[in-house]
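Below: one structure, written as structure tokens.
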2 protein chains.
Amino acid sequence: MGFLRNAPRLDTLIERLESADGLDDLQGLIEELRDEYGVDHIIYHWVNGAGEQYGCGTYDLEWVNRYIEKGYLRIDPVIQGCYQRFHPVNWKRLDWSSKSARAFLEDAIAHGIGNQGYSIPIRGPNGQFALFTLSHNGNDDDWEQFTTENRRDLILMAHYFNSRALEFEPGRAPDPAQSLSPREVEAMTLLAIGYNRAQAADTLSISEHTLRVYVESARHKLGALNTTHAVARALSRGVIVI
Amino acid sequence: MGFLRNAPRLDTLIERLESADGLDDLQGLIEELRDEYGVDHIIYHWVNGAGEQYGCGTYDLEWVNRYIEKGYLRIDPVIQGCYQRFHPVNWKRLDWSSKSARAFLEDAIAHGIGNQGYSIPIRGPNGQFALFTLSHNGNDDDWEQFTTENRRDLILMAHYFNSRALEFEPGRAPDPAQSLSPREVEAMTLLAIGYNRAQAADTLSISEHTLRVYVESARHKLGALNTTHAVARALSRGVIVI
DNA sequence: AGCGCCCTCGCTATTTCTGGGGAGGGAAAT
DNA sequence: ATTTCCCTCCCCAGAAATAGCGAGGGCGCT
């Protein structure tokens, strides 16, 4: 365990971030950042739609693989909690009451993850969701003080970091071929709020068949296997909002 | 037109933000902020999926009403551009090439909106999308310099501002939320990634009937009208993650 | 011991969705 | 001016989801 330090050179770091030229540079930067802050781990974790994940950070590869294999994404209270939050959160304030959450925590600590943590949720276009997390072994008071004092820097860092990561991420080309037409968005939205096809068609004052055409078209654009899948993808990509 | 000034007391403002006690306080704060920066307008603009909008800021009420009535939300290049962006953007860098965009710009300037602007997209939980915008009348170089020098403060301000606005927004109450059982979560997740009932049942190694029971149970707990609705709700409540 | 919830399984009937096939008019972009 | 979307409409047959009715064993809490 290291010693927590405040305020590394935010300017220099953002400068280096802006001149970074690939994901490898980001990995290097994150390690540097960890050393400057004196925390045990810093992780940038991109939580992608279909369960694909990308991250860089200082966790052991073993833990990262375990996390993916065990499907911890689905029970990790950090993910669950940050998904509902806007502001950064101290791990201590999350809900660890469920059995699976406690088991996860135990496993995480056994793999060298700190007992303290601070996670910043970040949201980007097309439903992107990412986390910028600092983790550490230490007592509650020190951690509380550290995160409070550095909150703003960390928010900015998370912001700039994500900004760069977005640029490097492949497949982020805003495909015009995949963007839904206004009518398609309306149709999908109505289905997402529980209307069946007849009701949705009625609401839009079009025939049920026409509505079906929109849904089918949207489904193909979204690469979805069925209507439910299409609605799920549209939601998680931020194409529709309910 | 005022004189651009840098760096008002960010600390004091964030402090006042944190002690704000309603939307009226936010409106007051935003006016204060405008005076401190010496810009013509500052606007916080919450853009909801269903077309509902909330905002506070220093635009004329006349312009705000005109904006809503004319449906400018759908053609405003600031909205369009920021929706696809993560980083704040200078209005000059947006796409003003379409005919409707130029007409909108003309109308906006005629209503006292500045020829310069800087907008910060903000995204929150459940697909929330908001803009924090500064607008001004002035020349390109001054504006460029002003926004560059204050970028970080503005990002933080937008962040904290939205954080408070989220709290004041009604209908954000976390309902008693009957929580889904583990099997129900698994079932809903599989449906959300495109499996049909048979495939999902097979994946979970249970009979299709049992899977149906889970889905029905989850549907009732979520107060959903059908499976698609249930998946949508589970997603937007963060009960499942895909 | 009883209550409630979770997990598992079966049956039938009705309604709804899915996946093909078409067709025409309009607006915008090349 | 041609192409390329977008919007709108129609038919059909098979697949899937929905809505009821059941059943029994297990686990935790009071």
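Taking side-chain N and O atoms only, A:Thr210 has no distance below 4.0 Å to OP1 or OP2 of D:dC7. When the side-chain nitrogen and oxygen atoms of B:Lys221 are compared with OP1 and OP2 of C:dC6, one or more of them lie within a distance under 4.0 Å. For the OP1/OP2 pair of D:dC9 and a distance below 4.0 Å, the side-chain nitrogens and oxygens of A:Ser207 include at least one atom meeting the criterion.
Residues A:Leu211 and A:Ser217 each lie close to DNA chain D; by heavy-atom proximity, the contact nearer the 5' end of the strand is made by A:Ser217.
Interatomic distance, NZ of A:Lys92 versus CH2 of A:Trp143, reported as 10.5 Å (0.5 Å rounding).
Salt bridge status for B:Lys221 with B:Glu184: present, with a side-chain N to carboxylate O gap under 4.0 Å.
The interatomic distance linking A:Ile206 (CD1) with D:dC6 (P) rounds to 15 Å, in whole Å. Going from atom CD of A:Gln199 over to atom P of C:dT15 covers 15 Å, rounded to whole Å.
Residue A:Arg183 places its side chain closer to D:dC7 than to any other of D:dC7, C:dC6, D:dC9. Closest to the A:Ser181 side chain, of the nucleotides D:dC7, D:dC9, C:dC7, is D:dC7.
The aromatic rings of A:Trp63 and A:Phe104 sit tilted relative to each other, their planes meeting at an angle between 30° and 60°.
Of the possible donor and acceptor atoms, none in the side chain of B:His45 sits under 3.5 Å from a partner among the backbone N and O of B:Leu131.
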**Message:** Please encode protein proximity along nucleotides 11-30 of chain D as a string of B, S and -, counting only heavy-atom distances under 4.0 Å.
**Reply:** BB---SBBBB----------
Would you list the atom pairs, donor with acceptor, under 3.5 Å between side chains in residues 111-122 of chain A and any protein atom, with sequence neighbours excluded?
| residue | atom | partner | partner atom | Å |
| --- | --- | --- | --- | --- |
| A:His111 | ND1 | A:Asp107 | O | 2.9 |
| A:His111 | ND1 | A:Asp107 | OD1 | 3.3 |
| A:Asn115 | OD1 | A:Gly138 | N | 3.1 |
| A:Asn115 | ND2 | A:Gly138 | O | 3.2 |
| A:Gln116 | NE2 | A:Gly138 | O | 3.1 |
| A:Gln116 | NE2 | A:Asp140 | OD1 | 2.6 |
| A:Tyr118 | OH | A:Arg151 | NE | 3.2 |
| A:Ser119 | OG | A:Trp91 | NE1 | 2.8 |
| A:Ser119 | OG | A:Thr133 | OG1 | 2.7 |

**Request:** Dump the intermediate steps for ring-ring contact (aromatic ring centres under 6.0 Å, His included) on B:His87 and A:Tyr160, then the final yes or no.
**Result:** CA-CA 8 Å; B:His87 221 52; A:Tyr160 278 86; 5.2 Å; yes
